[in-house]
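All heavy atoms count here, side chains included; hydrogens, waters and symmetry mates do not. Order of the sequence lines fixes the chain letters, A, B, ..., with proteins taken first and strands second; residue numbering starts at 1 for each chain.
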Number of protein chains: 2
Amino acid sequence: MTSARSRKSGRAGDDRAERGIPEATVARLPVYLRALTSLSDGDVATASSADLATAAGVNSAKLRKDLSYLGTYGTRGVGYDVNYLRYQIAREIGLTQDWSVVIVGIGNLGRALANYSGFASRGFRLAALLDSDGARVGEVIGDLKVSAVEDLEAVVRDNAVAIGVIATPAEAAQDVCDQLVSAGVSSILNFAPAVLVVPDHVDVRKVDLSIELQILAYHEQRKAQELGALEAGAV
Amino acid sequence: MTSARSRKSGRAGDDRAERGIPEATVARLPVYLRALTSLSDGDVATASSADLATAAGVNSAKLRKDLSYLGTYGTRGVGYDVNYLRYQIAREIGLTQDWSVVIVGIGNLGRALANYSGFASRGFRLAALLDSDGARVGEVIGDLKVSAVEDLEAVVRDNAVAIGVIATPAEAAQDVCDQLVSAGVSSILNFAPAVLVVPDHVDVRKVDLSIELQILAYHEQRKAQELGALEAGAV
DNA sequence: AGAAGTTTGTGAACGAGAGAACAAAATCGT
DNA sequence: ACGATTTTGTTCTCTCGTTCACAAACTTCT
Ligand SMILES: NC(=O)c1ccc[n+]([C@@H]2O[C@H](COP(=O)([O-])OP(=O)(O)OC[C@H]3O[C@@H](n4cnc5c(N)ncnc54)[C@H](O)[C@@H]3O)[C@@H](O)[C@H]2O)c1
Ligand SMILES: NC(=O)c1ccc[n+]([C@@H]2O[C@H](COP(=O)([O-])OP(=O)(O)OC[C@H]3O[C@@H](n4cnc5c(N)ncnc54)[C@H](O)[C@@H]3O)[C@@H](O)[C@H]2O)c1
C-alpha cells in the first residue's frame, strides 16, 4: 500500500508537488475550489489567503500551507489569481477529466442522488442506475433508465466506470461492493451503514447519517451536563 | 469554549471517564455500537477486542484505547460482555434519551431523509418537516405532514428540538441556520454545500457528497499516474 | 495449587496536523 | 530610488491520534 509513497521525487529537478499531498489537505481542496468558484462568479479576480480562508471557513495559515503543497501559485503582496488557482486545484484533484459513476440501489436515497444536479456540475457523469428489484428496473429518473444489477459488469466495462456509489440496504452492501470491485471499480462511496472489506488498491469512503447524528448527540449531552454542573456549582 | 474542559476531575474520587473523550474516539463509538448490536443479534454474549475490531474495521489496540476512555468494562483473559458494553457506549453517547430533530428543506434529499427508517431506530425522533415552498406544505411523508418554515420557532420550542438538519439549496442554508440557532437549536447537520457561520456554542457537522466524490477522484487519478510512471519506468 | 495460555489496559514511541511567527518577495507612495 | 506596507511560503513548536509492546489480571488445564 505504501510501496511507492515515500519515494523522494521521481525525476531530477521535479520537486514541484512531490507526489503525495497530506490527506487532510486533500479533503479541504474541494472546499477551496467551491470558495474560488463563488468568488469567480462574483467577478473577483484576486483574493488573499485571508479572503479565501474566510470564504472556506478555515485558518489562513492552514490554507496557505495547503496551497503550498500544490506549488507556489500566489504572489507576495498581492494574493492569488482566482481563476488560475481554481484551475490548478481542479487539475490537482483530477477534475479536468470526467469521471463515470454508477449508483447501485435506487430506493429513497438512490433516487435523490440520481436527481441531484450538483453531480454532473463537477465532471461526474452518471453512467447507470442499478437495482436488483425487477419492479424498479425500467423506471426513468432524470434522463436515465434504471437497469438490472446483472448489467453491472457490462456497464462498468463499457463506460470505464471508476467510482461506484452504494445506496442499498446494509445487508446487501458487501455483496454489491464485491461485484463492483470485481468489475473493476476502484473507488467506492458507501451510504449503507456497513463496514466494507476491500482489497488494498480500492478506496472506500463512507457517508453515515446515523453516525453524524450520534456525534452531535454526544456533544449535545455534554453541553447539557456542563450546564448542570455549572448550576450545581453555583448553589 | 474550553473553559471547563481542562479541569482535573470535578468531585474527589471521580476519575472515571473524566469528562472529555477525544474527538476521534467519539466518531468511532457509533461504529462500535453498531458492531455490538450486530453481534448481540447473532446471540454472541462475549467478544474480545480483536473480534470487535474486526467487526468495526479498526485496529484492536485503537479499539481498546477508545474503550478505556469510557471506563474499564472488559475482563482480562475473557473480553467484553456484549450487551453490557453496548449499554455503556449508548449511555456515553447520550442515546439512552430521545432526541428531537427537525428537517428543513423537503426536496429530493429531505424527502429521502424523512422516509429513512434508521432515523427513529436510534432514539432520534422527527419532530417536524419544514419547507418554504407553499406547494409542498401539507404534503404527507411517512407519518408527518410538511409544515411551513414559519412554524420553526414554535416547533423547536414545543418539542425541545436540539438537532436541526438542513437540506435546502446552498443559498438558503445560512439563513435557515440562523433561524434554527435563534430558535434554540444547538446542533446542526448540514447537507447543503455551504460554509455555515455559527456562534461558539453551536456544533455543526456537514455531509457533502460532492467533496467525497472529489476526494475519491484525487486518489483515483493518483493511482492512474502511479501506474503510468511504473510503465514508463519499465520501458 | 501452579503452570500455561488469553486478553485487557496503558506507557511510550512515533507520525500527522494545526497554528504562530517571521523572513522573503512583491506592490505602492513619495 | 527607496522606505513603508502587504502578503506569501515556510520553519518551528505544540497538540492530537495511531500503533507497538508488555505487565497485570483473568481463565483453563493438569
Ligand atoms: N434514505 C435515507 O435518507 C438514508 C440516509 C442515510 C443512510 N441511508 C442508507 O442508505 C441505504 C439506502 O436507503 P434507502 O432509504 O434508499 O433504502 P430503500 O430500501 O428505499 O432502497 C434500497 C434499494 O436497494 C435495492 N437493493 C437491495 N438489494 C440490492 C442488491 N443486492 N443490488 C442492487 N440493489 C439492491 C432495493 O431494491 C431498493 O431499491 C440504506 O443502507 C440506508 O441505511 C439512507
Ligand atoms: N439530492 C441529493 O442527493 C443531494 C446530495 C448531496 C447534497 N445535496 C444538497 O442538499 C440540498 C437539497 O438538495 P435537494 O436535491 O433536495 O434540493 P431540492 O431543490 O430538491 O430541495 C430543496 C428544498 O428546500 C426548500 N427550500 C428552499 N429554500 C428554503 C428555505 N429558505 N427554507 C426552507 N426550505 C427551503 C425548497 O422548497 C425545496 O423543497 C442542496 O443543497 C443540495 O446541494 C443534495
Taking the side chain as every heavy atom from C-beta outward, state whether A:L39 and A:L52 have any atom pair closer than 4.5 Å.
yes

Are B:D66 and B:V58 close enough that some pair of their side-chain heavy atoms sits under 4.5 Å apart?
no

What's the CG-C1' distance between A:D81 and D:dT7, to the nearest Å?
15 Å

Tell me which nucleotide among D:dG17, D:dT7, D:dA21 gets nearest to the side chain of A:R76.
D:dT7

note: B:D51, atom CG; C:dT7, atom C1'; distance rounded to Å ~ 11 Å

Consider the side chain of A:P22, meaning its heavy atoms from C-beta on, and name the nucleotide among D:dT7, C:dT8, C:dG17 that approaches it most closely.
C:dG17

Taking only side-chain nitrogens and oxygens of A:S49, does any of them come within less than 4.0 Å of OP1 or OP2 of D:dT8?
yes

On DNA chain D, compare the nucleotides closest to A:S68 and A:V78; which residue's is nearer the 5' end?
A:V78

Could you walk me through whether A:S48 and A:D51 satisfy the side chain to side chain donor-acceptor pair (under 3.5 Å) test, starting with their C-alpha distance in whole Å, then the side-chain angles of each, then the deciding distance to 0.1 Å, before giving a yes or no?
CA-CA 5 Å; A:S48 71; A:D51 297 339; 3.3 Å; yes

Euclidean distance, atom CG of residue A:D66 to atom P of C:dA18 [Å, nearest integer]
7 Å

Would you say a side-chain N or O of B:K65 is under 4.0 Å from OP1 or OP2 of C:dT10?
no

Could you check how far CG of A:L67 sits from P of D:dT8, rounded to whole Å?
9 Å

Would you kindly give the OH-to-P distance between B:Y73 and C:dT10, to the nearest whole Å?
13 Å

Integer-rounded Å distance: D:dC16 P and A:K62 NZ:
13 Å

No-hydrogen, no-angle side-chain donor-acceptor test under 3.5 Å, A:Q88 and A:R91
yes

From the list A:V204, A:V202, A:V197, A:V176, side chain to side chain contact (heavy atoms under 4.5 Å, CB included) with A:V181 holds only for A:V202

Hey, which of these two, A:T25 or A:A61, hits DNA chain C nearer its 5' end, going by closest nucleotide?
A:T25

Round to a whole Å and report the spacing from CZ of B:R64 to P of D:dA25.
16 Å

Atom CG of B:L85 to atom P of C:dT8: distance rounded to whole Å?
11 Å

Given C:dG9, is OP1 or OP2 found less than 4.0 Å from the side-chain N or O atoms of B:Y80?
yes

Does OP1 or OP2 of D:dG17 have a side-chain N or O of B:N59 closer than 4.0 Å?
no

